[in-house]
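Comments concern the structure below.
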Amino acid sequence: MPGLVIVGAQWGDEGKGKVVDLLAENADVVVRFQGGNNAGHTIVREGQEFKFHLIPSGILYPDKICAIGNGVVLDPGILLGEIDVLKRRGVDVGNLKVSANAHLIMPYHVLLDTAGEVKLGKLSIGTTRRGIGPCYADKALRLGIRVQDLLDEKILRTKIRAALEPKQQALRELSVRRRKLRREAGEEPGREGAGAIEDAPDPRLDLHTMTEEHVSFGHRLEPHIADTAHLCWEALDAGREVLFEGAQATLLDLDHGTYPFVTSSNPIAGAACVGAGIGPTDIDEVWGVAKAYATRVGAGPFPTELEDEVGRHMLERGHEFGTTTGRERRCGWMDLVALRYAVRLNRMSALTITKLDVLSGIDPLRVAVRYRSSEGAVFDEFPYHQSILHSAVPEYEELPGFEADLGACRSEADLPPQARAYLDYIADLAGVPIRLVGVGPDRDQVVWLGGEPGLKAA
Ligand code: IMP
């Protein structure tokens with residue numbers, strides 16, 4: 001399977017990093033195709049924990065090319081920070097390649113993201129405030145700065161100047177409006193929180209300083225800058241395996257997710273073509289990653305959300321705190337209406353189910369199989385209309401739970417019968433086989449169903 005795409009099947013944080021890390025063993029190239037440092041994944045290797053936000057998980061293998069594709073938005077300071085940490089821990093980053101066409105998250109994007117969220121108040125999306133939305137907006141407006149621009153100071157300065165002017169104005173207006181609201185509310189004027197802009201010119205928005213800083217980022221990134229699409233073609237044409245690593249997930253997709261509570265890129269499999277520069281027929285397989293239950297960070301509809309002790313169990317046992325922002329994740333039952341939608345939208349060929357161990361001790365287990373709208377209409381399919389989804393009440397099937405700790409299971413036969421029945425039920429209703437099951441955070445805490453890739457199926 002030369003071209004394999006890995007996507008999140010729910011609302012993100014499904015544990016894609018570990019799956020990519022395992023599958024990377026048989027791959028030659030791992031490429032990220034969308035998102036930015038709003039993503040975060042933790043990989044535990046020989047007791048050492050690695051946290052990445054931008055760098056593809058395959059970087060821990062010295063012989064793999066790890067590419068950041070053109071569809072990614074990249075904060076150069078953050079990327080260089082990750083490179084430095086890896087170098088200090090003895091990881092060779094020579095094979096890290098960064099697309100010259102990837103867009104840069106600039107300081108004003110981060111400020112605008114925060115200011116936009118503050119302005120929305122109760123209606124805020126709960127973004128990671130990493131500047132993702134404003135950066136993709138500039139890309140679409142053709143005001144974006146790309147990685148290649150870092151290598152030419154004159155072009156860089158001209159482009160920053162053009163992009164900066166409307167941002168300064170927008171930020172000033174937002175700040176004035178915010179202070180007026182605070183005054184009306186009788187609050188003391190004074191220094192506002194992170195991201196606030198006062199009347200005085202903000203040093204973070206100084207053209208000269210920003211240009212200088214980015215020129216120096218360019219010097220440091222230069223050895224990594226490459227034509228990453230070409231790297232993918234070479235590998236694919238030679239029959240070598242390329243893994244396309246999605247960030248975020250299907251239900252956060254800008255077009256197909258729970259808009260407007262979504263991210264600003266397309267995390268679905270089809271976007272691997274655009275974000276890495278390959279054709280649809282380069283994709284041989286699509287693997288979706290779903291947790292054995294469901295989580296969501298940030299605002300937006302989440303039909304199977306639990307606000308009881310079962311949700312608390314999932315939060316605590318599953319350590320459901322964001323890698324990027326540290327926020328508590330909302331937890332809930334496995335939602336098969338949403339999963340079926342994700343399976344079809346991505347045309348998945350396989351599923352991996354992570355964190356099955358977290359469910360031990362919960363009895364019975366519930367899975368949502370359909371929704372009912374507030375008017376009583378039944379939805380077997382994921383509803384496209386926002387207001388239906390917001391008020392959808394899930395209907396559940398109950399399955400027997402299991403008590404045993406799954407951490408030591410390494411084969412299907414080691415799993416308790418109730419756990420196997422739970423997996424069979426999911427695979428049946430989702431309509432795709434489950435190939436891999438996670439039973440703990442360590443790299444080896446997995447159960448392959450039907451044999452490991454690269455080995456003959458058992
Ligand atoms: P943004 O991507 O920072 O603009 O945030 C938009 C929405 O996507 C918010 O609800 C975030 O919590 C969510 N989001 C962004 N990245 C991730 C991720 O990697 N995991 C889970 N949720 C994410």
Side-chain angles (χ1 to χ4, degrees), residues 6-20 32-43 51-57 71-75 78 82 103 105 109-120 122-140 194-195 245-268 271 275 288-291 293-302 305 315 318-332 338 342 354-355 386 389-390:
I6 311 288
V7 289
Q10 297 162 316
W11 280 279
D13 309 312
E14 296 94 346
K16 295 179 289 296
K18 176 168 155 180
V19 176
V20 173
R32 258 196 69 179
F33 58 88
Q34 46 70 229
N37 58 306
N38 46 349
H41 43 256
T42 308
I43 293 173
K51 286 185 192 292
F52 302 118
H53 295 286
L54 273 168
I55 296 186
S57 320
V72 172
V73 289
L74 185 159
D75 187 323
I78 302 283
E82 287 190 8
H103 280 247
I105 297 179
H109 291 138
V110 181
L111 294 174
L112 275 172
D113 197 355
T114 299
E117 284 285 273
V118 170
K119 184 180 169 206
L120 282 171
K122 283 202 200 101
L123 298 176
S124 73
I125 290 156
T127 74
T128 59
R129 303 193 176 195
R130 300 296 189 265
I132 307 297
C135 183
Y136 277 116
D138 263 0
K139 176 176 176 176
E245 176 179 354
Q248 291 83 49
T250 304
L251 297 165
L252 291 174
D253 185 274
L254 181 60
D255 289 74
H256 300 282
T258 53
Y259 192 90
F261 302 100
V262 293
T263 191
S264 298
S265 67
N266 294 105
I268 58 169
V289 186
K291 266 180 211 173
Y293 46 103
T295 64
R296 172 163 206 169
V297 245
F302 182 9
E305 182 168 12
L315 177 88
H319 307 289
E320 297 294 353
F321 299 92
T323 319
T324 302
T325 58
R327 287 180 290 179
E328 259 186 24
R329 296 178 185 142
R330 300 155 66 192
C331 298
T354 58
K355 296 184 127 177
Q386 194 185 346
L389 189 61
H390 276 265

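In this text, all values refer to a predicted model and were calculated from it rather than measured experimentally. Counting starts at 1 for both ligands and their atoms, in listed order.
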Discussion item. Going by side chain to side chain contact (heavy atoms under 4.5 Å, CB included), W11 matches just one of L251, V262, T250, V297. Which one?
Written reply: L251

Nitrogen or oxygen contacts under 3.5 Å, ligand 1 side and protein side:
from	atom 1	to	atom 2	distance (Å)
ligand 1	2 (O)	N38	ND2	2.9
ligand 1	2 (O)	T263	OG1	2.6
ligand 1	3 (O)	T128	N	2.9
ligand 1	3 (O)	T128	OG1	2.6
ligand 1	10 (O)	V297	O	3.3
ligand 1	12 (O)	G126	O	3.3
ligand 1	12 (O)	V297	O	3.2
ligand 1	12 (O)	R327	NH2	3.0
ligand 1	16 (N)	N38	O	3.4
ligand 1	16 (N)	Q248	NE2	3.3
ligand 1	19 (O)	N38	O	3.3
ligand 1	20 (N)	D13	OD1	3.1
ligand 1	20 (N)	D13	OD2	3.4

Item to complete: Go through D75 and R130 one step at a time and tell me if the salt bridge (charged side-chain N to carboxylate O under 4.0 Å, His left out) criterion holds.
Response: CA-CA 9 Å; D75 187 323; R130 300 296 189 265; over 6 Å; no

Discussion item. As an exercise, state the distance from NZ of K291 to CD of Q10, rounded to the nearest 0.5 Å.
Written reply: 7.5 Å

Worksheet entry | Which atom of S264 lies closest to which atom of G133, heavy atoms considered | OG-CA, 3.2 Å

Worksheet item: Counting only N and O atoms by type, is there a donor-acceptor contact under 3.5 Å from the side chain of Q34 to the main-chain atoms of A247?
Response: yes

Fill in: Flag, side chain of K139 to backbone of H103, donor-acceptor distance under 3.5 Å
no

